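First the structure, in the form of structure tokens, and then the observations on it.
What you are looking at is a predicted structure, and each value in this text was computed from that prediction instead of being measured. The sequence lines fix the lettering, A, B, ..., with proteins before strands; numbering per chain opens at 1.
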2 protein chains.
Amino acid sequence: MSLPNALLALLVVEPMTGYDLHKKFESSVGHVWHAPDSQIYPALKRMEANGLLEGEDIPWGPRGTKRQYHVTAAGREAFTSWMNTPLEYARTRDPAHLKAAYLEWAEPEAAREQLRAHIDHHAGLLEQWRETVKEIEDGTSTMLNRRLAHTSAADQEKTRAYKLFTYEGLMSQAEAEIAWAKRGLTLIDRLND
Amino acid sequence: MSLPNALLALLVVEPMTGYDLHKKFESSVGHVWHAPDSQIYPALKRMEANGLLEGEDIPWGPRGTKRQYHVTAAGREAFTSWMNTPLEYARTRDPAHLKAAYLEWAEPEAAREQLRAHIDHHAGLLEQWRETVKEIEDGTSTMLNRRLAHTSAADQEKTRAYKLFTYEGLMSQAEAEIAWAKRGLTLIDRLND
DNA sequence: GCTAACTACCTATCGACATAGTTAGTTGCG
DNA sequence: CGCAACTAACTATGTCGATAGGTAGTTAGC
């Protein structure tokens, strides 16, 4: 359900090829919704069949062509409708907390290692989000600047503010995970001496 | 990958039927790893075929039977091995933050409603986790008590401590989400006056 | 003794997703 | 000019997971 809308979110700004989208999914949108190209290409075809997109073959180099998709009126309507519709919350599937609940089955050192990996993972994300936030604030984010170039002056502040809001949320998540895992390390020490 | 291990986590404590497991997935383990019965029954068959479990038909009422599964040595080995192996972190797929990143496309009131729903959702979870934590601390958790009845005295404290640790982590997550969504409500007000 | 609720188990379908490939044209650089 | 890196697109396989059913026996209460 989310993948088509993530694609629409990018395509309402400017037409793109599947390859362009695949690259964006490695950077910007991919921060909140990952998708490999093997999912993107079929999704684009389905969306074209459903009338959300239209594709046209445009020349690329002397002999090659590439297929560029743009959003139809129906696609734009579907996207804004999705944006105005409340989410349905999926039930939790959280491998890290699943394992935490049965940590007495792990060797203390293995348990520590996994909590340290949890910290490292989220510390890496945190660093990434921090940089992204800085780029948005400094106006040096090429991602955001391309987006703003297609946005009316009235909406530019909103666009920027909601992006910052999103990344600040991701930072809070990462910080919470790190703090939790650190408490876990202390707990393991307390239980094994 | 996680479902078989979530099932093993329950079955290493005591043998159960698919139906028992399905009920546990509505309550205890389901808090961190949800699975519908339509996934559980085939998973049990696959695990029996792989030698992780053995099932036996036991009588149920005058005519009925039910199939109870217990963990084999191989299953126990697979579970502890999983518990000692570091997780591989999946890339993010977070519909709430995906929508937040494009919130300028939503009507302000629809955006507010969704953030309020986000708060309500996580406040509900928080309440649930708080109660669970209280039950664990008071020793009134039937889930945990059944578990502890099958646990050596030496491991009882660990089991209890890691359960508490897990639910405290879930509480931190919920609190972070609520705080974030509240900041979002303030932001929407600031952007629309 | 009937019926509702519960226990027990199972199937089918469809899209989501991971993983691992393949093919072909283009561009840049040494 | 030749090769590496990149652009572009697609396929195939297998499991995961959501959703929506179906069947049959059991228990409890009126």
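Contact annotation: B/R93 side-chain N/O to D/dC16 OP1/OP2 distance is not under 4.0 Å. Between A/R46 and C/dA16 there is a side-chain N or O to OP1 or OP2 distance below 4.0 Å.
Going from atom CZ of A/R116 over to atom CD of A/E109 covers 5.0 Å, rounded to the nearest 0.5 Å.
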Treat primed atoms plus P, OP1 and OP2 as sugar-phosphate and everything else as base, then score nucleotides 7-13 of chain C 5' to 3': B for base contact with protein heavy atoms under 4.0 Å, S for sugar-phosphate contact only, - for none. BBBBBB-
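With rounding to whole Å, A/L21 atom CG is found 14 Å from D/dT7 atom P. When the C1' atom of C/dT19 is taken as reference, atom CD of B/E88 falls 12 Å away, rounded to whole Å. If you take CG of B/N50 and P of D/dT15, they are 10 Å apart, rounded to a whole angstrom.
Under the 4.5 Å side-chain heavy-atom criterion for Ile, Leu, Val, Met, Phe, Trp and Tyr, A/L187 and B/W129 are members of the same hydrophobic cluster. The hydrophobic cluster containing A/V13 also contains A/M16, counting ILVMFWY residues as joined when their side-chain heavy atoms lie under 4.5 angstrom apart, directly or transitively.
Tested against B/Y102, the residues A/V12, A/L8, A/V29, A/V32 include a single side-chain contact (heavy atoms from CB on, under 4.5 Å) partner, A/V29.
Minimum heavy-atom separation, A/M83 to B/A106: O-CB, 3.5 Å.
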Where do B/H97 and A/Y167 land on the ring pair (Phe, Tyr, Trp, His ring centres under 6.0 Å) test, with the steps shown first? CA-CA 8 Å; B/H97 283 72; A/Y167 282 99; 9.5 Å; no
